[in-house]
Number of protein chains: 2
Amino acid sequence: MNEGGLGPKPRGREASGAVRMSDVARLAQVSPITVSRCLQAPGRVAPETRDRIRAAMESLGYVPNLVAGTLASNRSRMVAALVPTLAQANHAATIDALTTRLNQAGLQVLLGSTGYSDIAELDLVRTFLGYRPQAMVLTGVTHSPEAARLLQGVGIPIVETLETGTTPLDMAVGFQNAAAGATVARHLMARGCRQPAVLTHGAASDTRAADRHRGFVAQVRACGGVEPLSVPVDPADLAGGAAGLERLLIQASGVDAVFCVSDTLALGALMACRRLGVAVPERLALIGFGDSEPGALVQPALSTVHVPKAEIGDMAAAMILARLSGQESASRVVDLGFRLVVRDSG
Amino acid sequence: MNEGGLGPKPRGREASGAVRMSDVARLAQVSPITVSRCLQAPGRVAPETRDRIRAAMESLGYVPNLVAGTLASNRSRMVAALVPTLAQANHAATIDALTTRLNQAGLQVLLGSTGYSDIAELDLVRTFLGYRPQAMVLTGVTHSPEAARLLQGVGIPIVETLETGTTPLDMAVGFQNAAAGATVARHLMARGCRQPAVLTHGAASDTRAADRHRGFVAQVRACGGVEPLSVPVDPADLAGGAAGLERLLIQASGVDAVFCVSDTLALGALMACRRLGVAVPERLALIGFGDSEPGALVQPALSTVHVPKAEIGDMAAAMILARLSGQESASRVVDLGFRLVVRDSG
DNA sequence: TTGATTGATGACAGCGCTAACATAGGGCAG
DNA sequence: CTGCCCTATGTTAGCGCTGTCATCAATCAA
């Protein structure tokens with residue numbers, strides 16, 4: 001008996017004030033563990049008991065504390081995802097698909113954006129791992145060594161998206177950026193272009209863009225074309241694309257085609273061409289990347305490379321779910337390909 | 001002494017296997033609470049102790065378990081956010097800004113998309129509250145009564161975005177959709193339109209679109225215009241906009257202006273006009289909503305209403321942070337306004 | 001009848017961390 | 001030298017839930 005006040009003074013903090021499982025249990029006249037089972041596996045609880053418990057939860061407005069559940073069960077029902085930015089439609093589409101699919105399976109998505117910074121990525125990886133997610137989705141396969149070490153240490157499924165060029169940390173789904181660049185190069189050369197150039201993303205950590213650039217240049221060389229001039233742009237937005245194109249035309253007057261590593265850059269370049277009176281595609285062919293919606297609407301309609309944005313999100317979710325349900329997936333790398341979309345601009 | 005094996009058989013589960021705070025503490029020769037303090041308030045720990053602890057964390061590869069921390073401290077450092085869809089650029093921009101700002105303050109964002117469904121919203125609200133977020137961001141001010149009850153019960157800051165028409169559950173930041181609709185109507189009437197119509201979003205829970213529609217119609221009436229025909233479209237994508245416009249032209253041949261409740265619909269309508277040979281804006285004026293990027297690039301450039309997407313996300317974050325730091329914000333409703341952008345299409 | 005099996009529920013301990021209080025030692029005014 | 005405050009660190013007891021086993025009654029084949 002501690003009632004006499006003689007024992008060690010009880011000095012607990014006050015509880016959060018919310019309704020707890022034990023409150024529900026008391027009202028339903030069962031033990032807390034039965035309430036827990038009623039939530040996790042209703043089939044293992046007798047129907048009458050179940051109804052009584054549900055009525056109790058309803059009447060008390062009980063909201064299970066998943067944090068406590070996570071700590072006890074070591075299953076957080078969360079998946080962490082990192083993107084460079086959401087403001088770009090292709091990342092948004094991928095995340096949207098990923099989220100939808102994971103939600104259906106009862107998993108929530110913890111989202112962070114790195115702003116194309118390796119430091120921010122490392123920070124976010126560290127923090128997110130602190131929430132003990134059951135899986136992690138990253139953009140691209142290039143990370144700081146420290147981040148890679150952390151990620152491999154935790155032993156959860158990891159999916160890297162948008163890039164399948166090299167060996168992934170764990171799993172990868174996307175396409176081959178270098179091959180996409182090469183395809184564009186082949187197309188332009190076949191079309192008779194003789195002096196192609198590249199508008200590329202200046203951010204060092206956007207290795208996807210760098211890969212496309214590299215693949216393009218290699219293919220131009222292989223076809224015996226003039227060594228392509230390249231102009232880096234950062235940030236890679238519309239204004240950047242426009243400015244980049246102007247710079248490019250100043251540096252080399254003979255350029256007859258430009259591969260822009262993103263549709264956004266291409267659209268900016270297209271605007272600049274309009275302003276400067278450069279005829280597209282007659283004097284200058286323009287090819288983008290990503291098959292964004294505006295590209296199909298402008299005039300001349302933008303030639304580009306279509307990538308399966310939503311499918312990548314879907315597949316990433318599927319790979320995670322398969323792994324979490326114990327299947328050792330046969331293929332750790334899934335290449336969903338890309339497709340050259342030839343429209344008016346080149 | 002329990003060593004004799006006489007006490008109750010210890011039947012604990014095995015621990016998660018990860019490095020714990022106590023491991024760090026042992027290596028650094030301090031108590032766990034000092035390690036905890038070193039993470040939360042390094043200033044309250046002596047410099048040499050701090051260095052020893054940090055070295056220990058480094059050498060063990062310690063990743064703090066924030067789930068346990070949340071349970072113990074009742075502070076999750078998470079903010080939950082719900083959007084109808086991420087695949088639409090204006091929501092993505094808002095969330096991007098929100099996330100960036102909250103991350104800077106050490107808060108993570110738990111993101112869910114409702115797909116414009118009240119049922120999905122309720123589900124997500126319930127689940128997210130289970131993670132005990134410190135604040136919640138919603139889109140729009142209309143929710144199921146059940147969701148509203150839940151949200152008001154938990155006592156965390158709640159910000160509703162994109163809409164400031166009615167009384168919020170707690171706080172709101174956005175603009176007045178009805179007023180935006182009215183502004184468009186005034187503009188069209190002043191321009192000499194006599195028979196305007198509306199392409200609107202059919203989803204019942206997109207009350208923002210419905211408000212714009214309502215405001216538009218009311219203003220047309222007030223100006224003495226012909227009662228506007230309206231065509232609902234769902235899903236509100238490009239194809240929907242195109243189909244909607246065709247239906248509209250069939251139903252009423254005298255229409256000389258169309259207010260589309262989103263830029264996406266307007267762009268679809270513009271495509272249809274091109275296909276049908278309808279001159280824009282000569283025969284048909286077209287106004288969108290949202291000031292999306294493609295709208296500025298198409299020809300004729302789309303007239304639209306600019307809304308401060310990123311600013312809304314920023315402000316939502318600021319309101320949350322203010323409240324969490326104890327300030328009772330003076331204004332619970334922040335109207336960031338909108339701006340009619342007249343370009344070529346109307 | 002009986003032992004084995006199944007189904008429903010409960011007792012106990014502990015997940016990894018932090019709030020609240022406690023303590024020890026040093027500096028310093030008076 | 002006393003009493004007080006301040007700084008650095010430690011002790012204790014949970015946060016709210018679930019894994020693991022235990023229990024007890026009902027069912028059923030042999």
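Every chain is numbered from 1, with letters handed out A, B, ... down the list of sequences.
For the pair A:Ser31 and C:dG10, the criterion of a side-chain N or O lying under 4.0 Å from OP1 or OP2 is met. Within the 4.0 Å cut-off from OP1 or OP2 of C:dT9, at least one side-chain nitrogen or oxygen of A:Thr49 is found. Checking the phosphate oxygens (OP1, OP2) of C:dG10, a side-chain nitrogen or oxygen of A:Thr34 falls inside 4.0 Å. The shortest distance between the side-chain N/O atoms of B:Ser36 and the OP1/OP2 oxygens of C:dT18 is below 4.0 Å. Side-chain N/O atoms of A:Tyr62 include none lying less than 4.0 angstrom from OP1 or OP2 on D:dG16.
In this structure, B:Ile53 atom CD1 and D:dG10 atom P are separated by 8 Å, rounded to whole Å. A:Glu48 has its CD atom 8 Å from the P atom of C:dT9, to the nearest Å. Whole-Å rounding puts the B:Arg132 CZ to C:dC17 P distance at 21 Å. Here C:dC12 presents its P atom at 13 Å from CD1 of A:Ile33, a figure rounded to the nearest Å. One can place CZ of A:Arg37 at 10 Å from P of D:dG19, the figure rounded to the nearest angstrom. Between B:Arg20 atom CZ and C:dG14 atom P there is a gap of 12 Å when expressed in whole angstrom units. Look at CG on A:Leu71: it is 14 Å from P on C:dG14, rounded to the nearest Å. B:Asn74 has its CG atom 12 Å from the P atom of D:dC17, to the nearest Å.
Among the nucleotides C:dC17, D:dG16, D:dG10, the one closest to any side-chain atom of B:Ala68 is C:dC17.
Residue A:Val45 is in sugar-phosphate contact alone, with no base atom involved, counting any heavy-atom pair closer than 4.0 Å across all strands shown. The residue A:Thr70 sits apart from the nucleic acid: no heavy atom pair falls under 4.0 Å. Looking at heavy-atom distances under 4.0 Å, A:Val67 makes no contact with the nucleic acid at all.
Contact record, B:Ser113 with B:Pro84: CB-O, 3.9 Å, taken as the closest heavy-atom pair.
A salt bridge links A:Asp23 with A:Arg20: at least one charged nitrogen is closer than 4.0 Å to a carboxylate oxygen.
Counting heavy atoms from C-beta on, the side chains of B:Asn65 and B:Met21 never come closer than 4.5 Å.
When the shell of 6.0 Å around CD of A:Gln29 is examined, it contains 12 or fewer heavy atoms from other residues, nucleotides or ligands.
Defined by atom type and a distance below 3.5 Å, a donor-acceptor pair is missing between the side-chain atoms of B:Ser144 and B:Glu146.
Residue-to-nucleotide proximity on DNA chain C shows that, of B:Gln40 and A:Gln29, the 5′-proximal contact is made by A:Gln29.
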